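Each remark here refers to the structure printed beneath this line.
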Number of protein chains: 2
Amino acid sequence: MRDVAMLARVSVGTVSNVLNSPDRVSDATRQRVEEAIAKLGWVPNESARQLRAGRSRSIGMVVMDLSNPFFADVIRGAERLLYDEQYSVQVGNSDSDLSRELTLLERFEQQRIGGVLFAPIEDRAERVLKLRRRGIPVVIVDRAGTGTDYCSVGVDDLVGGRLAAEHLLDQGHHRLAFVGGPSTLAQVRDRRRGAELAVDQAGEGTSLLVVSTPTTSLEAGVSSAGEIAALPEAERPTAVFAANDLIAIGLLQGFTTAGLRVPDDMAIIGYDDIAFAAAAAVPLSSIRQPREDIGRKSAELLLAEMEAADAALPHVHETIRFVPQLVARRSTHRRKPRKG
Amino acid sequence: MRDVAMLARVSVGTVSNVLNSPDRVSDATRQRVEEAIAKLGWVPNESARQLRAGRSRSIGMVVMDLSNPFFADVIRGAERLLYDEQYSVQVGNSDSDLSRELTLLERFEQQRIGGVLFAPIEDRAERVLKLRRRGIPVVIVDRAGTGTDYCSVGVDDLVGGRLAAEHLLDQGHHRLAFVGGPSTLAQVRDRRRGAELAVDQAGEGTSLLVVSTPTTSLEAGVSSAGEIAALPEAERPTAVFAANDLIAIGLLQGFTTAGLRVPDDMAIIGYDDIAFAAAAAVPLSSIRQPREDIGRKSAELLLAEMEAADAALPHVHETIRFVPQLVARRSTHRRKPRKG
DNA sequence: ACCCGTGAATGATCCGTTTCAATGAACCGA
DNA sequence: TCGGTTCATTGAAACGGATCATTCACGGGT
């Protein structure tokens with residue numbers, strides 16, 4: 001910057017003004033400075049700026065599983081909006097590991113990042129509060145909180161779970177299963193509870209087998225399918241609700257390998273309605289979440305909170321709860337009566 | 001930090017030493033300082049650190065398409081390694097947009113980021129060189145360069161394209177098609193050229209129809225399938241090679257909609273072998289790239305280059321070229337002779 | 001000729017850390 | 001008892017910009 005100032009025969013203060021308040025600088029001077037910048041290829045040092053400003057024009061994002069296309073879409077939704085507002089987005093992948101999650105948040109705190117979009121693994125309010133104490137706004141993503149401690153955006157997973165189970169019951173199934181885990185994940189818990197409610201309401205003669213998986217990955221689905229297929233046919237469920245589409249697709253593969261036909265021998269419904277659900281071996285029924293909207297809306301709330309904080313205005317935390325939607329495809333087509 | 005120093009009754013210099021060279025500080029003092037840090041909940045300001053150090057402990061990553069699981073896996077591979085080395089990773093999504101790509105790189109430059117893993121949309125050596133002039137090491141990902149100007153990691157797409165086309169020819173097809181685009185993408189060009197080579201070598205009676213798409217997305221595949229299906233049967237290809245698995249899955253959906261059966265009426269092979277390829281409606285043949293290895297290896301090269309730069313040692317740029325592998329699945333099963 | 005107002009440019013100060021020369025204290029051996 | 005070491009600690013000078021009170025120059029009005 002000094003070099004630029006010397007070349008343009010002005011002070012460093014003027015160079016700074018050219019960038020930050022161009023109207024305070026005369027046209028002639030501004031032009032000289034701009035030429036000098038171009039000639040030297042100077043690029044302002046963001047760390048110095050941040051140091052002075054006290055905060056950065058970056059937004060941090062922490063997600064549980066980057067290889068789940070659901071999160072890729074949420075990120076994309078948030079990024080679209082933030083990019084237009086001149087913010088850059090840093091995505092960190094906690095990989096469903098609490099200590100990695102903590103590390104990522106700490107790094108954002110050290111960076112005095114402008115704000116954080118956080119898809120938490122567990123409910124850990126203290127992590128959010130710690131950031132806020134440092135003056136960093138946080139919005140919880142993919143988890144519609146009940147509290148008024150922070151903004152959050154998500155869908156009503158209880159309703160979603162109920163929708164899924166009711167759909168299976170409607171198709172004539174009585175022995176259902178829920179596959180998902182770990183149950184430390186609030187999303188998994190809520191979806192399961194929704195399913196349980198639906199099953200309870202259906203009354204006698206219906207059951208819900210709960211199969212817990214260590215992760216929400218495709219592989220978890222494959223191995224759960226093996227377990228379920230190994231049950232004696234009289235006990236085996238005839239329909240499975242998977243906590244997300246990755247698991248559902250894994251189940252589909254696993255059942256096929258085990259010689260069970262979907263949907264005839266086994267119906268499957270997933271959750272999220274990622275793009276691949278429709279393209280699966282058997283097109284997958286699913287519960288649709290407005291993935292990009294979740295990202296976009298989270299970013300909106302975050303920006304609002306950041307502006308309020310800047311202006312020292314009061315801010316009322318909002319909870320946005322999108323409504324999930326059933327998308328029925330072939331994987332849950334009504335079972336045909338057994339031939340013979 | 002001043003507060004910590006006062007509470008511990010030492011100077012700020014000592015607080016800094018506790019963090020950066022603990023062995024220069026007596027045990028008693030260190031303990032007092034650590035207690036003060038804990039009591040005040042102080043977290044060092046990374047911008048100030050960076051300002052002093054001149055560079056950051058962050059790595060930037062620019063990818064073309066975050067919603068392509070291929071890149072998600074590459075990112076994961078890189079992240080794994082870098083996380084262990086205490087680096088944080090910032091992922092930016094250029095969304096196949098040259099100007100967004102430029103903006104992302106400029107932001108990294110302003111941040112004086114420690115290094116960049118760059119999956120470029122086009123060959124734009126000047127973008128790499130600009131960063132390097134600023135002292136920021138860059139490794140090109142998913143694109144094995146020929147030059148010695150920079151490190152790069154990728155697979156040999158020419159070989160991959162040839163493998164795919166040869167496989168289709170081996171299955172008895174003569175009229176092939178290549179679907180992919182835009183052809184500004186080096187990956188697309190190379191894969192197509194590989195296919196062309198294979199077809200040329202097969203000689204008379206074989207043909208390759210090239211269908212160019214505006215993007216490498218699933219939707220592009222769907223609409224291309226419509227075009228191809230609309231051709232008169234005598235001209236219509238019997239096998240399609242898609243530039244990546246997203247397109248291939250889209251084709252699969254499109255052909256099914258159009259009433260063509262895969263693989264009987266139309267064989268399909270994709271590229272990347274993403275996890276969903278095996279789970280597709282018809283399990284998808286594909287050309288496998290070692291996705292996580294590409295990410296991990298890129299990160300390794302980047303760290304090596306960063307260390308060399310730090311120590312002012314000479315650095316020889318490396319070009320890692322993984323070998324792609326054919327994975328044959330049902331979508332290219334040999335066509336059965338027509339019944340009737 | 002003088003004063004005042006206005007717009008443009010300046011330069012010192014500060015942001016929070018690291019680094020390094022300098023200070024000081026304690027200890028050793030002669 | 002004194003010089004010489006070693007070890008722990010200190011204080012000030014960066015790092016690269018933003019900010020803001022101050023200075024300067026110029027014009028218009030009286």
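Chain letters run A, B, ... following the sequence lines, proteins first, then strands; residues in each count from 1. Everything numeric here is computed off the predicted structure, so don't read it as measured data. Reckoned from all heavy atoms, side chains included, excluding hydrogens, waters and symmetry mates.
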In whole angstroms, how far is the [atom2] atom of [N] from the [atom1] atom of [X]?
X: A/Asn17; N: D/dA18; atom1: CG; atom2: P; value: 9 Å
X: A/Leu40; N: D/dG16; atom1: CG; atom2: C1'; value: 15 Å
X: A/Asp3; N: D/dG17; atom1: CG; atom2: C1'; value: 14 Å
X: B/Asp27; N: D/dA8; atom1: CG; atom2: P; value: 9 Å
X: A/Gln50; N: D/dG16; atom1: CD; atom2: P; value: 15 Å
X: B/Met1; N: D/dT10; atom1: CE; atom2: C1'; value: 12 Å
X: A/Leu19; N: D/dG16; atom1: CG; atom2: P; value: 16 Å

For [X], report the nucleic acid contact type (base, sugar-phosphate, nothing); a contact means any heavy atom under 4.0 Å.
X: A/Ser26; value: sugar-phosphate
X: B/Val10; value: sugar-phosphate
X: A/Arg52; value: base
X: A/Thr14; value: base
X: B/Asn20; value: sugar-phosphate
X: B/Val25; value: sugar-phosphate

(message) Which is more 5' along DNA chain D, the nucleotide nearest A/Asn45 or the one nearest B/Arg32? Just name the residue.
(response)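 So the residue in question is B/Arg32.
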(message) With nearest nucleotide decided by heavy atoms, which residue, A/Arg2 or A/Ala53, maps closer to the 5′ end of DNA chain D?
(response)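 Taking each residue's closest nucleotide, the earlier one in sequence belongs to A/Arg2.
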(request) Evaluate whether atom CZ of A/Arg76 has more than 12 neighbouring non-hydrogen atoms of other residues, nucleotides or ligands under 6.0 angstrom away. (result)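 Atom CZ in A/Arg76 is packed in, count exceeds 12.
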(request) Anything under 4.0 Å to a heavy atom of chain B counts; send over the first and last such nucleotide of DNA chain C, read 5' to 3'. (result)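 Listed 5' to 3', the contact boundaries are C/dG16 to C/dT19.
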(request) Measure the spacing between CG of B/Leu301 and CD1 of B/Ile140 and express it to the nearest 0.5 Å. (result)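 So the gap between those two atoms works out to 12.0 Å.
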(request) Output the distance between atom CZ (A/Arg80) and atom CG (B/Asp95), rounded to the nearest 0.5 Å. (result)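 So the gap between those two atoms works out to 5.5 Å.
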(request) Locate the shortest heavy-atom distance separating A/Pro22 from A/Arg30; write the atom from each residue and the value. (result)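 Closest approach of A/Pro22 to A/Arg30: O-NH1, 3.4 Å.
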(request) Specify the residue among B/Arg49 and A/Ala48 whose closest nucleotide of DNA chain C lies further upstream toward the 5′ end. (result)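 Result: A/Ala48.
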(message) Using the salt bridge (charged side-chain N to carboxylate O under 4.0 Å, His left out) criterion, which residues pair with B/Arg100? Sequence neighbours excluded.
(response)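 B/Arg100 satisfies salt bridge (charged side-chain N to carboxylate O under 4.0 Å, His left out) with no other residue.
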(request) List for me each residue that meets side-chain hydrogen bond (donor to acceptor under 3.5 Å, both in side chains) alongside A/Ser16, sequence neighbours excluded, and say none if there are none. (result)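 Residues passing side-chain hydrogen bond (donor to acceptor under 3.5 Å, both in side chains) with A/Ser16: A/Asn20.
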(message) Any salt bridge linking B/Asp149 with B/Arg132? Criterion: basic side-chain nitrogen under 4.0 Å from a carboxylate oxygen.
(response)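 A salt bridge is absent here (no side-chain N lies under 4.0 Å from a carboxylate O).
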